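Since this is a predicted model, take the numbers as computed values, not measurements. Every chain is numbered from 1, with letters handed out A, B, ... down the list of sequences.
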Protein chains: 2
Amino acid sequence: MARDKAETKARILTAVGKLLAESGFKSLGVNAIAREAGVDKVLIYRYFEGLPTLLQQFAQAGDYWLSMEALVGDESTIEAETLADWMTYLLLEFMGDLQERSITQEILRWELLEGNELTDELAQVRDQLALDSLKFLKGKGEFPVDQDVPAISAVLIAGVVYLTLRAKIHNTFMGIDFSAPQGWQRIETALASIIQSTMQ
Amino acid sequence: MARDKAETKARILTAVGKLLAESGFKSLGVNAIAREAGVDKVLIYRYFEGLPTLLQQFAQAGDYWLSMEALVGDESTIEAETLADWMTYLLLEFMGDLQERSITQEILRWELLEGNELTDELAQVRDQLALDSLKFLKGKGEFPVDQDVPAISAVLIAGVVYLTLRAKIHNTFMGIDFSAPQGWQRIETALASIIQSTMQ
DNA sequence: AACAAAAGTCACCGACCAGTGACAAACTAT
DNA sequence: ATAGTTTGTCACTGGTCGGTGACTTTTGTT
């Protein structure tokens, strides 16, 4: 092994991501990380103090959500007019993006069992993104005065997250088949329909 | 220890429930169960063959969801008229009931990580309950032809489950405080509002 | 009373885990 | 070149886990 502290640290951080994506947080221990990184585990203690600090550093290096910029990018290319259009667009983009992010999914799973450095960081960034989205939406039209838009968003996002996490383990939920694109299509349509009906 | 096979088996099954409710499925191992039951672990293997069979028996003895009868009971006492009224009623009852069921919550958490005898049983009963609910609702009014009621239900139920599971670990989600009744009140109102708007 | 089956106890195995102390090899500054 | 520091390797402890074989005690039948 080349004597390169920086590279070794990088290998360790990379191993955390790989393990998370491939085997989930259950198998994320000091031994497994060292094994995956091809590094002696004592180096984890020497360079990162321990698992908590390692996770903290991993969290800060991470990129777990779409940024608002990436989400809306060039607004002119998006065909959305009303507030409801925009909200639908944001939610469906969010969902599609989440489906691709194995590590983020795994951290969200973890978050349902316990809090730690990683999940806290993720939650913070997520809440910020949600705040930004609401702010963005406010610029797209008046919120209906009789609706609690943040609460409605919370329910819908929670639903999307739950269905996404669950679909990785079980194919069906409430009779809907999530192994087929049609299943997801039905969810997308339902979300759009809910938003259009509710946000007018 | 009294030499009573039936009682010993009962103690073991009870221990499973207690451990699940109090410490979650992570600590649910043969050793922990035997310790909690005050019983030698070899008896678990002798009477139940092993953990999987034990969980299976525990699952079958379980009562994890409100039945449709308990849910609607005497219909005449429920103030709901329209289809949307009934759907709101069912969903809010479901949510309130789930909040009280520690074991069910824990199994739902488990279900997000892996499938096993317990989670499969729970999912099956849940899907049956959902089917029954939809059937019941069909008797209360015509489904809007342009809406996918099962998909909409799936999203809302998924949201309720996610928020319930998460609230046990973290106080806030999307800026809403779930440690206070007001937070849940906002969710209930949002759900009612979504259903009223969408199901007309 | 004798005996077999059932119920419960005890001690152990191998595998994995987090964490640490002692050491060897390589790089650096003098 | 030598001394000191950094990087990496090795071997071990103490703990938990799932699983099992061998044993003792109780119970019920004949």
Picking from [options], which would you name as closest to the side chain of [X]?
X        : options                   : result
Val30(B) : dT26(D), dC10(D), dG19(D) : dG19(D)
Tyr45(B) : dG18(D), dA22(C), dC10(D) : dG18(D)
Lys41(B) : dT9(D), dA18(C), dT20(D)  : dT20(D)

Considering just the side-chain nitrogens and oxygens of Arg46(B), establish if one lies under 4.0 Å of OP1 or OP2 belonging to dG21(D). no

Side-chain N or O of Tyr47(B) closer than 4.0 Å to phosphate OP1/OP2 of dG8(C):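 Checking Tyr47(B) against dG8(C): at least one side-chain N or O falls below 4.0 Å of OP1 or OP2.
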
Atom [atom1] of [X] to atom [atom2] of [N]: distance rounded to whole Å?
X        : N       : atom1 : atom2 : answer
Ile33(A) : dC16(C) : CD1   : P     : 17 Å
Arg35(A) : dA15(C) : CZ    : P     : 14 Å
Ile44(A) : dC17(C) : CD1   : P     : 12 Å
Leu54(B) : dG18(D) : CG    : C1'   : 14 Å
Leu43(A) : dG21(C) : CG    : C1'   : 15 Å
Leu51(A) : dC17(C) : CG    : P     : 12 Å
Asn31(A) : dC12(D) : CG    : P     : 17 Å

As a quick check of understanding, evaluate side-chain contact (heavy atoms from CB on, under 4.5 Å) for Tyr64(A) and Leu118(A), giving each step before the final call. CA-CA 11 Å; Tyr64(A) 305 117; Leu118(A) 247 182; 4.0 Å; yes

Going through the checks in order, is the side-chain contact (heavy atoms from CB on, under 4.5 Å) test met by Leu108(A) and Thr104(A)? CA-CA 6 Å; Leu108(A) 285 173; Thr104(A) 302; 4.3 Å; yes

Using the rule given for side chain to side chain donor-acceptor pair (under 3.5 Å), can you reason through Trp110(B) versus Glu106(B), listing the C-alpha separation, both sets of side-chain angles and the distance that settles it, and then say yes or no? CA-CA 6 Å; Trp110(B) 207 349; Glu106(B) 209 52 43; over 6 Å; no

